[in-house]
2 protein chains.
Amino acid sequence: MKTMTKGISQSTQDYLKNIYELTEQGASASTNDLATRLGIAPASVTGMVQKLASATPPLVDYRKHQGATLTKEGQRAALEIIRHHRLLETWLVQTLGFSWDEVHEEACRLEHVISEDFETRMAAALGHPTRDPHGELIPGADLQMPDDDSTPLSSLRPPQDATIIRVNAIDPALLRHLDELGLIPGADLSISAHSPFDGNISIKVDDREFVVGPAISNNIFVEIGG
Amino acid sequence: MKTMTKGISQSTQDYLKNIYELTEQGASASTNDLATRLGIAPASVTGMVQKLASATPPLVDYRKHQGATLTKEGQRAALEIIRHHRLLETWLVQTLGFSWDEVHEEACRLEHVISEDFETRMAAALGHPTRDPHGELIPGADLQMPDDDSTPLSSLRPPQDATIIRVNAIDPALLRHLDELGLIPGADLSISAHSPFDGNISIKVDDREFVVGPAISNNIFVEIGG
DNA sequence: AATAATATTTAGGTATGCCTAAATATTCTA
DNA sequence: TAGAATATTTAGGCATACCTAAATATTATT
């Protein structure tokens, strides 16, 4: 009947996960960005981040007006949740036939309540996958995040070829759109044109050719060479 | 990021589920029994039950010192959770190899967070089962609880034969014990003796013979005739 | 039927995690 | 570099769901 949070509340887990994701590319996580991602008021984030910073052990480093970063402890907890989330997405797609645009929300709810035993069994049943259905890396049982050497699609220029590795998107409508275009992990593509001013690129996938803007191409990551 | 409770909190769901189970055999659910099952103080139960009774729509009928029963609405919600719980137990056993003593706790946490979509897919993948790994009946998608025509093992007398249909137990240690004895749903048994004063019966299962007391035999339900 | 034992309720309090409004700090712009 | 715009924090509140201690009601005993 408990909530299986190993003493870390569900709300805290959400904070840590989002701080992890916001700080992945270097900077610290701002109050506002966190508030937006969590769907709560900035003032509430300030209070909560202060609490996380003065917990024992502290889960985040925080100085007023400077945003938050994760401590070692906080990072451990974040990676645990991210591992849960990504294994669950994989699991839902592979065993229950969910599509990749449907699993995010479900995994967000389940990630907080599954046991370590569940996690272990799921990983084994899936053959210890290293990427989820969006191509996102799954931290290992040791909570190490593997390296990702992929490149943003937006950085390619004609006539480069590439294979899609990872699609960084949550919005179901966008994911369905990308699915229709064939822009999914594993897809091979080639760049046929690039517009320098608007950043649009023309790509060919499955013999279909179309143009994508930076809003999309910045969030698709590829391995160069088809 | 929400908790998928259709406006009914997780705590409320636990109350309703437990009231359902306590009132299944007729009487109303007392404050104390609920407190014991939920692991909280009786005073807290009083407060919560009062709240459930004055919700709109009311989820329980309640009069001071008289215990609580479910309203139609409350029963609907309870059956929804029980359906989740029992499908999940079945799912965990069949797809992740959990044993029947390990699934209760896990299902108690998951039951509150899965979507209707998840429920539907799980039911379909399992072939719309009507009983969970303990033999407990699973309410249908229409939230009708099927009839159970089984008989308590404790009511049998030599030389009756029977097949185990349902084992009403949660305690993992007890469930492992029963598993070792072969007292699991589907097992055929025959009654070889009955002690009138202590209620013990001797039963033979898988060519092994042993004695079980009423604490066990009252919670094993059978279909008479092997 | 009075008293004892048990069950339940009331009263007052706590922690969590959110809110709004107002104050303050930082960053941008001219 | 002053003022405007933006971001953040403080202060004061609220709902949920739990707690303990004390009061009261019900049930059992003699």
Side-chain angles (χ1 to χ4, degrees), chain A residues 1-19 22-23 27-56 58-69 74 77 81 108-109 112-113, chain B residues 1-19 22-23 27-56 58-69 74 77 81 108-109 112-113:
Chain A
M1 244 64 133
K2 284 219 186 63
T3 172
M4 179 59 28
T5 50
K6 286 168 263 148
I8 296 184
S9 76
Q10 176 163 330
S11 185
T12 295
Q13 291 178 8
D14 281 335
Y15 276 85
L16 297 177
K17 181 175 71 159
N18 281 284
I19 293 169
L22 284 170
T23 55
S28 70
S30 76
T31 300
N32 251 14
D33 287 354
L34 267 175
T36 302
R37 289 180 69 116
L38 292 164
I40 62 188
S44 306
V45 171
T46 299
M48 190 66 171
V49 165
Q50 288 172 340
K51 209 174 64 171
L52 298 182
S54 50
T56 45
L59 297 167
V60 307
D61 289 319
Y62 165 75
R63 277 172 26 241
K64 274 183 198 176
H65 300 277
Q66 303 294 129
T69 55
I81 292 300
C108 276
R109 280 179 270 107
H112 305 292
V113 303
Chain B
M1 246 65 131
K2 285 220 186 62
T3 171
M4 178 61 26
T5 50
K6 285 168 266 152
I8 295 184
S9 75
Q10 175 162 330
S11 185
T12 296
Q13 292 178 8
D14 281 335
Y15 276 84
L16 298 177
K17 182 175 73 159
N18 281 283
I19 294 169
L22 284 169
T23 55
S28 71
S30 75
T31 300
N32 250 13
D33 288 354
L34 267 175
T36 303
R37 289 180 69 118
L38 292 164
I40 63 187
S44 306
V45 171
T46 299
M48 190 66 170
V49 165
Q50 287 171 340
K51 209 174 65 170
L52 299 182
S54 50
T56 45
L59 297 167
V60 308
D61 288 319
Y62 165 75
R63 279 173 23 240
K64 274 183 197 173
H65 300 278
Q66 303 295 127
T69 55
I81 293 300
C108 275
R109 280 179 269 108
H112 305 292
V113 304

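Lettering follows sequence order; numbering is per chain, from 1. Atoms considered below: every heavy atom in the structure, side chains included; atoms not considered: hydrogens, waters and symmetry mates.
- A heavy-atom distance below 4.5 Å is not found between the side chains of B:H65 and B:T31.
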Quick test: give all pairs of protein nitrogen or oxygen and nucleotides 23-26 of chain D nitrogen or oxygen below 3.5 Å, distance rounded to 0.1 Å.
none

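- B:T46 comes within contact range of at least one nucleobase, with a heavy-atom separation under 4.0 Å.
- Nearest heavy-atom pair, B:A68 versus B:I19, reported as atom, atom and distance to 0.1 Å: O-CG2, 3.9 Å.
- Taking the side chain as every heavy atom from C-beta outward, B:I40 and B:Y15 approach each other to under 4.5 Å.
- Considering all non-hydrogen atoms of both residues, A:S28 and A:T69 come closest at CB-CG2, 3.5 Å.
- Closest approach of A:I8 to A:Q13, counting heavy atoms only: O-NE2, 3.2 Å.
- When every heavy atom of A:A29 is checked against every heavy atom of A:T23, the shortest pair comes out as N-CG2, 3.5 Å.
- Between the CG atom of A:L34 and the C1' atom of D:dT9 there is a distance of 15 Å, given to the nearest Å.
- Counting heavy atoms from C-beta on, the side chains of B:V49 and B:L34 come closer than 4.5 Å.
- To the nearest angstrom, C1' of D:dA17 lies 16 Å from CD1 of B:I8.
- Contacts of B:A53 classified as side-chain contact (heavy atoms from CB on, under 4.5 Å), with partners at least two apart in sequence or in another chain: B:V60, B:Y62.
- Contact check, A:N32 against D:dT6: no side-chain N or O comes under 4.0 Å of OP1 or OP2.
- Remark: A:S30 is not in phosphate contact with D:dA7, judged by side-chain N or O atoms under 4.0 Å from OP1 or OP2.
- Contacts of A:A43 classified as side-chain contact (heavy atoms from CB on, under 4.5 Å), with partners at least two apart in sequence or in another chain: none.
- With axes fitted over five pairs at each extremity, the angle between the ends of the helix from C:dA1-D:dT30 to C:dA30-D:dT1 is 0° (10° resolution).
- Residues forming a side-chain contact (heavy atoms from CB on, under 4.5 Å) with B:P58 (at least two apart in sequence, or on another chain): B:T71.
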With B for base contact, S for sugar-phosphate-only contact and - for none (protein heavy atoms under 4.0 Å), nucleotides 15-21 of chain C reads -SSSBBB
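- Between A:D33 atom CG and D:dT8 atom C1' there is a gap of 12 Å when expressed in whole angstrom units.
- For the side chain to side chain donor-acceptor pair (under 3.5 Å) test with B:R37, the passing option among B:N32, B:N18, B:D14 is B:N18; the others fail.
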